[in-house]
Trainee: 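After the structure tokens below, expect a handful of questions from me.
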There are 2 protein chains.
Amino acid sequence: MSAHHHHPADFDHALGVLRKSRLKITQPRQAILKILIEEHGPFTMEELHRRMKKGACDLVTVYRCLATLEDVGLVRRCEFGDGSSRYEFGGREHHHHHIVCKLCRKVETLDICLVEGLERLVRDKGYTQVTHALEFFGICARCRKLPAAA
Amino acid sequence: MSAHHHHPADFDHALGVLRKSRLKITQPRQAILKILIEEHGPFTMEELHRRMKKGACDLVTVYRCLATLEDVGLVRRCEFGDGSSRYEFGGREHHHHHIVCKLCRKVETLDICLVEGLERLVRDKGYTQVTHALEFFGICARCRKLPAAA
DNA sequence: ATATGTGCAAATTCTTTGCATTAGA
DNA sequence: TCTAATGCAAAGAATTTGCACATAT
């Protein structure tokens with residue numbers, strides 16, 4: 001069962017998490033969660049906002065919603081080395097990594113993860129609540145043909 | 001031989017790279033490289049600027065120098081999930097990863113790296129010039145005692 | 001000598017905040 | 001009903017750009 005692709009169970013689970021945290025299940029939060037669950041992402045704030053049916057909510061609300069959703073672990077922030085942040089659904093459960101093209105910034109998902117074992121090493125250094133981020137960068141096949149791909 | 005700590009060879013090597021790229025060896029570029037080599041970093045733009053003897057150069061110049069140094073691979077950009085970018089010396093040669101405290105943002109260096117093998121997998125997908133970033137996050141021993149560390 | 005790099009100022013973009021209003025539990 | 005969330009406007013940061021001047025080669 002792949003982590004992404006339409007999955008109503010994910011949505012219901014998310015609502016549960018919101019309820020448990022005593023957060024309100026508002027229109028903007030639902031819309032954002034649906035987009036993050038159904039389209040793969042990760043998306044920047046603007047991309048997310050643009051994808052909502054226009055007038056759905058203010059950009060500021062997207063900022064605030066994502067901050068809250070990140071706090072309760074429903075959303076994960078990705079940083080791909082270009083200075084901007086992108087967001088995708090899922091905390092620990094939907095664990096995976098990415099391959100980012102250094103030219104066109106296209107993002108592919110990589111389901112493999114051999115890094116969990118290393119977290120023990122970090123815990124041994126006295127850290128708690130340990131997580132990690134692993135991203136790969138490269139030039140994709142299509143960009144390789146571009147003149148810029150010196 | 002650890003990757004950091006005063007190392008004149010690093011500095012000379014950096015100058016060589018600049019020359020090879022036909023970039024000028026200016027005061028600001030030298031100052032920035034020295035700081036990045038001698039103090040461990042990684043540093044944000046402001047931190048770096050503040051560390052230079054005052055009046056040494058403009059903040060804008062720090063921005064421009066780091067962009068250039070990143071282009072030629074002398075500097076690596078680190079993003080630790082808080083939206084800001086930090087910079088440290090070294091490309092592939094000075095390869096290592098970090099542990100970042102989720103509360104105080106303190107950064108520790110981790111010299112171990114078991115991920116290089118995974119890069120083949122990415123190359124097999126058609127990517128070239130493959131690199132990766134691996135960061136660990138957790139709450140450090142000191143922060144653990146803070147009330148915020150719920 | 002001359003092309004590159006820098007300083008300063010200003011534009012642009014990104015993100016956050018205050019407060020009146022609305023909507024969810 | 002009553003608190004939490006949103007919209008709008010505006011403030012505040014962070015980053016980029018233009019152009020005249022300075023400086024490495």
Side-chain angles (χ1 to χ4, degrees), chain A residues 11-12 14-36 42-72 74-75 77-87 105, chain B residues 11-12 14-36 42-72 74-75 77-87 105:
Chain A
F11 186 71
D12 291 342
L15 298 191
V17 171
L18 288 181
R19 271 189 277 266
K20 207 171 306 171
S21 312
R22 285 156 211 295
L23 292 168
K24 293 184 179 171
I25 297 177
T26 64
Q27 295 298 332
R29 283 174 185 169
Q30 292 187 61
I32 288 170
L33 284 169
K34 277 208 179 105
I35 293 173
L36 290 180
F43 299 123
T44 63
M45 300 280 187
E46 276 83 2
E47 285 168 350
L48 214 33
H49 185 235
R50 219 175 306 126
R51 248 160 244 267
M52 303 174 72
K53 56 171 165 295
K54 70 171 189 301
C57 83
D58 199 273
L59 215 208
V60 179
T61 299
V62 179
Y63 273 88
R64 291 193 267 223
C65 285
L66 284 181
T68 332
L69 295 176
E70 191 186 4
D71 280 346
V72 297
L74 281 175
V75 153
R77 181 204 292 243
C78 310
E79 292 178 333
F80 294 148
D82 65 345
S84 62
S85 297
R86 274 157 241 272
Y87 296 83
R105 294 277 145 198
Chain B
F11 187 69
D12 292 342
L15 298 190
V17 171
L18 287 181
R19 272 188 277 267
K20 207 170 309 171
S21 313
R22 287 155 209 296
L23 292 168
K24 293 185 176 168
I25 296 177
T26 64
Q27 296 298 331
R29 283 173 185 170
Q30 292 188 62
I32 287 169
L33 284 168
K34 279 209 176 101
I35 293 174
L36 290 180
F43 299 123
T44 63
M45 299 281 187
E46 275 83 2
E47 284 167 352
L48 213 34
H49 185 235
R50 221 176 304 125
R51 247 159 247 265
M52 304 175 71
K53 57 171 163 297
K54 71 171 188 301
C57 84
D58 199 274
L59 213 210
V60 179
T61 299
V62 180
Y63 273 88
R64 290 194 266 222
C65 286
L66 285 181
T68 326
L69 296 175
E70 191 186 4
D71 279 346
V72 297
L74 282 174
V75 153
R77 182 206 290 245
C78 310
E79 293 178 333
F80 294 149
D82 66 345
S84 62
S85 297
R86 276 156 239 273
Y87 296 83
R105 294 278 143 195

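Chain letters run A, B, ... following the sequence lines, proteins first, then strands; residues in each count from 1. Treat the numbers as computed from the prediction; the structure is a model and nothing was measured.
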Trainee: To the nearest 0.5 Å, what is the distance between NZ (B/Lys24) and CZ (B/Arg29)?
Mentor: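 Between atom NZ of B/Lys24 and atom CZ of B/Arg29 there are 9.0 Å.
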Trainee: Heavy atoms only, 4.0 Å cut-off, all strands: where does B/Arg29 land among base, sugar-phosphate and nothing?
Mentor: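 Touches sugar-phosphate only.
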Trainee: So, is B/Thr26 close to the C/dT6 phosphate, meaning a side-chain N or O under 4.0 Å from OP1 or OP2?
Mentor: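 Checking B/Thr26 against C/dT6: at least one side-chain N or O falls below 4.0 Å of OP1 or OP2.
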Trainee: For a quick check, tell me whether the side chain of A/Arg19 and the base of C/dG24 share a donor-acceptor pair closer than 3.5 Å.
Mentor: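 No, no donor-acceptor pair under 3.5 Å.
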Trainee: Whole Å only: how far is the OH atom of B/Tyr63 from the P atom of C/dT13?
Mentor: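 It works out to 16 Å between those atoms.
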Trainee: Just the rounded figure in Å: distance from P of D/dA14 to CG of B/Leu66.
Mentor: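 Rounded to the whole Å, the gap is 15 Å.
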Trainee: Rounded to whole Å, please give me the gap between CG in A/Leu59 and C1' in C/dT17.
Mentor: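 After rounding, the gap between these two atoms is 15 Å.
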Trainee: Specify the separation, in whole Å, of atom CZ of B/Arg50 and atom P of D/dA14.
Mentor: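 From B/Arg50 CZ to D/dA14 P: 10 Å.
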Trainee: In this structure, how many angstroms lie between the P atom of C/dT15 and the CD atom of A/Glu46, rounded?
Mentor: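 Rounded to the whole Å, the gap is 7 Å.
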Trainee: Given C/dC8, C/dT17, D/dA14, identify the nucleotide with an atom nearest to the side chain of B/Asp58.
Mentor: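 Comparing C/dC8, C/dT17, D/dA14 against the side chain of B/Asp58, the answer is C/dC8.
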Trainee: Would you mind reporting whether A/Leu18 and A/Leu33 have side-chain heavy atoms less than 4.5 Å apart?
Mentor: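 In contact.
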Trainee: Figure out the CE/P separation between A/Met52 and D/dT6, and round it to whole Å.
Mentor: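 After rounding, the reported distance stands at 10 Å.
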Trainee: Using a 4.0 Å heavy-atom cut-off across all strands, classify B/Ala56 as base, sugar-phosphate, or nothing.
Mentor: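 Contact class for B/Ala56: sugar-phosphate only.
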Trainee: A/Ile25 CD1 to C/dA25 C1': how many Å, rounded?
Mentor: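 Spelled out: CD1 on A/Ile25 to C1' on C/dA25 is 10 Å.
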Trainee: Whether the side chain of A/Arg22 and the base of C/dG24 hold a donor-acceptor pair under 3.5 Å is what I'd like checked.
Mentor: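 No pair found.
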Trainee: Relative to the 5' end of DNA chain D, which residue comes earlier, A/Val62 or B/Arg64, by the nucleotide with the nearest heavy atom?
Mentor: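 The 5'-side residue here is A/Val62.
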Trainee: What is the separation between atom CG on A/Leu18 and atom P on C/dG24, rounded to the nearest whole Å?
Mentor: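 For the pair A/Leu18 CG and C/dG24 P, the rounded distance is 14 Å.
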Trainee: Among C/dA25, D/dT6, C/dC14, find the nucleotide with the atom closest to the side chain of A/Lys24.
Mentor: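 The answer is C/dA25, which lies nearest to the side chain.
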Trainee: Identify the two heavy atoms, one from B/Arg86 and one from B/Pro42, that lie closest to each other, and give their separation to 0.1 Å.
Mentor: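 Minimum heavy-atom separation between B/Arg86 and B/Pro42: CB-CB, 3.6 Å.
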Trainee: Going through the distances and angles, do A/Leu66 and A/Leu48 end up as a side-chain contact (heavy atoms from CB on, under 4.5 Å)?
Mentor: CA-CA 10 Å; A/Leu66 284 181; A/Leu48 214 33; 3.6 Å; yes
Trainee: Drop me the distance from B/Tyr63's OH to B/His49's NE2, to the nearest 0.5 angstrom.
Mentor: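 Result: 10.5 Å between the selected atoms.
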